[in-house]
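To start, the structure itself, in structure tokens.
Chain letters run A, B, ... following the sequence lines, proteins first, then strands; residues in each count from 1. No experiment lies behind these values; they were computed from the predicted model shown.
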There are 2 protein chains.
Amino acid sequence: MSIVETADAEGTVSLHQRILSDISERIMSGAWAPGHRIPFEHELSTQYNCSRMTVNKALSQLAKAGLIERRRRSGSFVRRPQSQAAVLEIHDIRIEVEALGLPYRYERVARHKRRSSAEDRALLEQGVAGPVLALECGHFAGERPFAHEQRLINLTAVPEAADEEFVVIAPGPWLIGRVPWSEAEHRIRAVAADRHIAVALDIAAGAPCLVVERRTWSADHPVTHVRFTYAAESHTLVARFRPSQG
Amino acid sequence: MSIVETADAEGTVSLHQRILSDISERIMSGAWAPGHRIPFEHELSTQYNCSRMTVNKALSQLAKAGLIERRRRSGSFVRRPQSQAAVLEIHDIRIEVEALGLPYRYERVARHKRRSSAEDRALLEQGVAGPVLALECGHFAGERPFAHEQRLINLTAVPEAADEEFVVIAPGPWLIGRVPWSEAEHRIRAVAADRHIAVALDIAAGAPCLVVERRTWSADHPVTHVRFTYAAESHTLVARFRPSQG
DNA sequence: TGTTTTAATATGTATATACATAATCGTCAT
DNA sequence: ATGACGATTATGTATATACATATTAAAACA
């Protein structure tokens with residue numbers, strides 16, 4: 001997402017939006033190089049014939065987006081690109097499959113309720129042992145396996161999950177909207193399919209797979225750990241770029 | 001990144017920051033569930049004993065962050081988490097290697113200047129044929145290959161690159177800071193190593209690899225296409241979670 | 001000359017005010 | 001009932017103003 005909002009059909013944008021996009025344009029195009037001092041608020045308010053507050057609103061947003069740095073008494077300066085960040089959109093698998101024009105099918109393979117093992121606790125980053133729900137699910141695109149899901153749900157954080165069989169609804173959509181998440185972490189890597197995954201995805205053992213692991217917290221309590229395994233041919237993650245972001 | 005700024009040592013935060021974090025806290029904790037109508041601006045301005053403008057500043061930021069949705073005449077409502085977006089930090093490979101405590105070494109394997117082929121144009125999403133620079137580079141962690149880089153640079157967009165040998169400096173760091181980028185796209189997938197990659201990374205042919213491809217534009221002109229290939233064991237991409245983001 | 005004090009300046013935050021805009025509600029006529 | 005229409009209401013944007021705060025430049029002083 002760009003910090004510049006797209007104008008609507010009539011092209012009516014607010015003044016501070018226009019100031020923001022004008023300046024952002026000049027920075028992006030390189031016309032104002034990193035280190036360059038952009039005009040003072042009072043200069044811009046004269047240029048645009050508006051109040052300083054309006055200019056301030058635009059510049060504050062640019063500063064928050066990391067495009068400029070503001071220093072009292074000195075002015076505002078174009079920042080040099082720092083950490084490059086890309087936004088990964090994490091879609092629902094059903095949506096992904098249907099976007100391919102293929103019929104989606106979900107299947108619960110296994111479901112076990114147990115007291116968390118040391119391994120479970122490591123995956124969940126859970127402090128003390130407690131009840132967990134371990135799920136294994138298949139996601140299909142047409143007849144072909146699309147992704148294999150291995151999930152742990154912390155029943156201390158989400159006790160209602162104990163009453164759910166997850167035969168009809170997949171745990172992902174079930175959790176979303178029910179549990180407010182505050183933080184999560186993704187790990188993405190390539191692995192060779194082990195025997196178990198090879199059978200589940202109907203590929204050769206040792207074939208390359210993309211693994212996306214996600215750990216979710218809600219208010220400092222671990223909620224779930226999920227590992228999606230995709231056969232190499234079936235999946236590419238796409239990330240849009242975000243300039244800036246301080 | 002949280003939209004709630006961290007307070008400084010004395011705990012002095014501006015009032016609109018406090019309002020923002022109070023509300024954000026209640027949403028994150030689930031106290032205010034999705035669909036809940038949060039108090040009107042005039043109610044909050046009474047509660048906090050401040051002007052409506054101050055409340056508006058906080059709520060506007062929450063809306064932009066995607067935590068709430070604002071509807072005229074109706075009020076502001078907690079949004080249910082929509083598209084989940086994760087921020088991928090794209091680091092410099094040198095930094096990544098050095099973070100592992102290993103000595104970093106860069107090596108230019110090949111460099112060809114040529115008129116762009118149909119394949120080149122497809123990778124760059126370049127309209128018409130023009131001069132391109134094709135580079136192949138190795139990145140090493142200690143003695144082991146860490147990543148293999150295959151890059152195309154559009155010499156129409158970056159003519160100075162034609163004079164650079166890229167023996168000492170890697171093309172990534174060279175381009176960064178020199179070319180202001182405005183947009184990019186990443187594709188991440190797992191592949192089996194072909195003969196060429198297997199030799200370059202010193203792994204078996206067919207072994208799983210993580211491929212990160214990046215295409216960069218600057219002011220609508222394609223600048224570069226790069227493909228990094230990592231041996232499966234050597235690399236995991238980590239993404240932090242961003243709740244919201246409309 | 002070197003140090004301290006003071007003034008000037010740009011940004012940061014907050015206020016009261018004004019009017020625009022979109023959506024909803026109630027009323028009234030059909 | 002149903003539709004038109006005006007009143008109401010919450011948000012959206014912008015203004016002029018005020019004072020706080022950080023930082024730098026200039027002036028005063030030892």
Write out a two-atom table: protein N or O, nucleotide N or O from nucleotides 8-11 of chain D, distance below 3.5 Å.
unit_1: D:dT8; atom_1: O2; unit_2: B:R73; atom_2: NH1; d: 2.7
unit_1: D:dA10; atom_1: O4'; unit_2: B:R73; atom_2: N; d: 3.4
unit_1: D:dT11; atom_1: OP1; unit_2: B:S76; atom_2: OG; d: 3.4
unit_1: D:dT11; atom_1: OP2; unit_2: B:E41; atom_2: N; d: 3.1
unit_1: D:dT11; atom_1: O2; unit_2: B:R72; atom_2: NE; d: 3.4

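When the ring-ring contact (aromatic ring centres under 6.0 Å, His included) test is applied to B:F140, no partner is found at least two apart in sequence or on another chain. B:R37 meets the salt bridge (Lys or Arg N to Asp or Glu O under 4.0 Å) test with B:E43; sequence neighbours excluded. Annotation: ring-ring contact (aromatic ring centres under 6.0 Å, His included) contacts of A:F228 (sequence neighbours excluded): none.
Not a single donor-acceptor pair under 3.5 Å links the side chain of B:Y104 to the backbone N or O of B:E96. A donor-acceptor pair is defined here as one N or O able to donate and one able to accept, closer than 3.5 Å; no such pair exists between the side chain of B:T236 and the backbone of A:I188.
Where DNA chain C meets chain A (any atom under 4.0 Å from a heavy atom), the bounding nucleotides read 5' to 3' are C:dA8 to C:dA14.
Between B:E164 and B:R108, none of the side-chain N atoms (NZ, or NE/NH1/NH2) sits under 4.0 Å from a carboxylate O, so this pair counts as no salt bridge.
Pairs passing the ring pair (Phe, Tyr, Trp, His ring centres under 6.0 Å) check and including a residue from residues 17-37 of chain B, sequence neighbours excluded, read B:W32-B:H36.
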